[in-house]
Amino acid sequence: MTRLFVLMTLALSMGMAHGADVRGEEVNYSDNGTELNGYLAYDASADGPRPGVLVIHEWWGHNEHAREQARRLAALGYTALAVDMYGEGRLADHPDDARTFATLIRGNQMLMMQRFEAARKFLHEHERADAAQTAAIGYCFGGSIVLEMARAGADLKAVASFHGALATQNPAESGKVTSRVLVLHGNEDPMVPPEQVENFKKEMDAAGVDYRFVGYDGATHSFTNPGADEAAEKFGMPVGYNADADQASWSELERFLADTFGG
């Protein structure tokens with residue numbers, strides 16, 4: 001698939017045909033003195049506060065991929081905040097740096113929750129967001145984060161993980177998870193092997209979680225990111241963009257959020 005076709009597909013998915021007036025702006029918030037650099041996207045033509053969606057980035061950091069997803073959500077009528085989990089807008093350009101950044105957050109449950117809560121608080125207090133209607137979605141690293149937030153009982157209506165890790169040191173407990181959960185998974189993802197998938201499903205079933213799991217044949221890690229092919233070639237990583245899985249998983253998310261918020 002050519003890059004031009006990918007960009008045209010994304011443009012259409014952003015809702016240009018639906019009359020949305022999508023705006024995006026840099027925003028700053030903080031966590032215990034650490035500056036966090038986010039990106040807020042919304043439909044300026046929409047009246048009143050809209051359901052809010054937090055967008056958690058891949059392990060590379062708060063990059064254009066996360067911002068693009070926020071704009072796509074804004075085109076659907078949501079107010080979306082692309083979150084900065086690393087602080088100060090840190091971005092990795094090598095897998096070793098990305099691993100270091102991600103491990104710092106994933107290995108510290110308290111820090112992870114603080115960074116997430118700082119973003120949730122910022123979105124809740126924004127005039128364009130309905131504080132009573134909040135969801136969170138995440139990609140790869142971000143997918144694992146939103147699942148951890150659901151397991152921790154965060155005040156969210158729904159979470160959706162795209163090609164995120166499913167293993168946890170803090171399994172869901174019965175009655176604690178109040179969020180609806182959607183997992184969108186590449187069936188050829190070597191970073192999330194079949195046994196991890198089966199353990200996750202058993203965990204969700206045992207805890208009585210309202211969840212949906214969708215696997216895509218032929219899709220591997222980072223299947224939603226058009227830049228994944230470049231990373232695969234440059235670093236020999238088992239990642240790759242899959243246009244069919246990208247489009248199908250976004251359609252799943254649209255239905256999931258519409259059902260959650262009654263849209």
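Position 1 is the first residue of the sequence; numbering continues from there. Predicted, not measured: the structure shown is a model, and the values here were computed from it.
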Gap between atom [atom2] of [Y] and atom [atom1] of [X] - 0.5 Å precision:
X	Y	atom1	atom2	value
Leu104	Met112	CG	CE	10.5 Å
Ser222	Asp229	OG	CG	10.0 Å
Leu184	Ser251	CG	OG	10.5 Å
Ser179	Arg151	OG	CZ	12.0 Å
Leu166	Glu198	CG	CD	10.5 Å
Ser30	Asn37	OG	CG	11.0 Å

Residues [X] and [Y]: side-chain donor-acceptor under 3.5 angstrom:
X	Y	answer
Asp244	Tyr216	no
Arg180	Thr260	yes
Asp84	Tyr39	no

What class does the angle between the rings of Phe141 and Tyr86 fall in, given that below 30° is parallel, 30 to 60° is tilted and above 60° is perpendicular?
tilted
In terms of ring plane angle, is the pair Tyr78 and Phe261 parallel, tilted or perpendicular, where the classes change at 30° and 60°?
tilted
Exercise: identify the closest heavy-atom pair between [X] and [Y]:
X	Y	value
Ala74	Asp43	O-CB, 3.6 Å
Thr224	Ser249	CG2-OG, 4.0 Å
Pro95	Trp60	N-CZ3, 3.8 Å
Gly87	Leu36	CA-CD2, 3.5 Å
Met204	Ala172	CE-CB, 3.9 Å
Asp130	Pro49	N-CB, 3.8 Å

Decide side-chain contact (heavy atoms from CB on, under 4.5 Å) for Arg128 and Arg50; before the verdict, give the C-alpha distance in whole Å, the side-chain angles of both, and the deciding distance to 0.1 Å.
CA-CA 6 Å; Arg128 289 191 172 273; Arg50 305 294 302 158; over 6 Å; no
Would you say [X]'s side chain and [Y]'s backbone share a donor-acceptor pair under 3.5 angstrom?
X	Y	value
Gln196	Ala167	yes
Glu188	Gly218	yes
Glu252	Ala248	no
Ser144	Ala165	no

Pair Val146, Val181 - check side-chain contact (heavy atoms from CB on, under 4.5 Å), show working.
CA-CA 9 Å; Val146 301; Val181 174; over 6 Å; no
Decide yes or no on side-chain contact (heavy atoms from CB on, under 4.5 Å) for Val239 and Met191, but give the supporting numbers first.
CA-CA 9 Å; Val239 298; Met191 299 184 187; 4.2 Å; yes
Hey, mind stepping through Glu203 and Thr168 against side-chain contact (heavy atoms from CB on, under 4.5 Å) and telling me if it holds?
CA-CA 10 Å; Glu203 175 198 353; Thr168 184; 3.9 Å; yes
Is atom [atom1] of [X] surrounded by more than 12 heavy atoms (other residues, nucleotides or ligands) closer than 6.0 Å?
X	atom1	answer
Glu195	CD	yes
Asn170	CG	yes
Glu25	CD	yes
Gln109	CD	yes

Using a strict threshold of under 4.0 Å (side-chain N to carboxylate O), is an ion pair present between Asp96 and Arg99?
yes
Do [X] and [Y] land in one hydrophobic cluster if side-chain heavy atoms of ILVMFWY residues count as linked below 4.5 Å?
X	Y	value
Val83	Ile145	yes
Phe162	Trp59	no
Met113	Leu111	yes
Val209	Phe256	no
Trp250	Val55	yes

Please tell me whether Phe235 and His94 form a close aromatic pair, meaning their ring centres lie under 6.0 Å apart.
yes
Side chain to side chain, [X] and [Y], heavy atoms closer than 4.5 Å:
X	Y	value
Tyr139	Asn225	no
Phe116	Leu156	yes
Phe223	Asp189	no
His163	Glu58	yes
Arg90	Asp97	no
Arg115	Thr34	yes
Arg67	His57	no
Tyr29	Glu125	no

Val183 pairs by side chain to side chain contact (heavy atoms under 4.5 Å, CB included) with which of Val214, Leu147, Val159, Val197?
Leu147
Check against salt bridge (charged side-chain N to carboxylate O under 4.0 Å, His left out), Glu64 and Arg71
CA-CA 10 Å; Glu64 185 58 27; Arg71 289 189 291 266; 2.2 Å; yes
Could you walk me through whether Asp155 and Arg120 pass the salt bridge (charged side-chain N to carboxylate O under 4.0 Å, His left out) test, one step at a time?
CA-CA 9 Å; Asp155 183 16; Arg120 192 174 71 91; 3.8 Å; yes
Does the Lys NZ or Arg CZ of Lys201 fall within the cation-pi geometry relative to Phe213 - under 6.0 Å from the ring centre and within 45° of the axis?
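The answer is yes; both the distance and angle limits are met.
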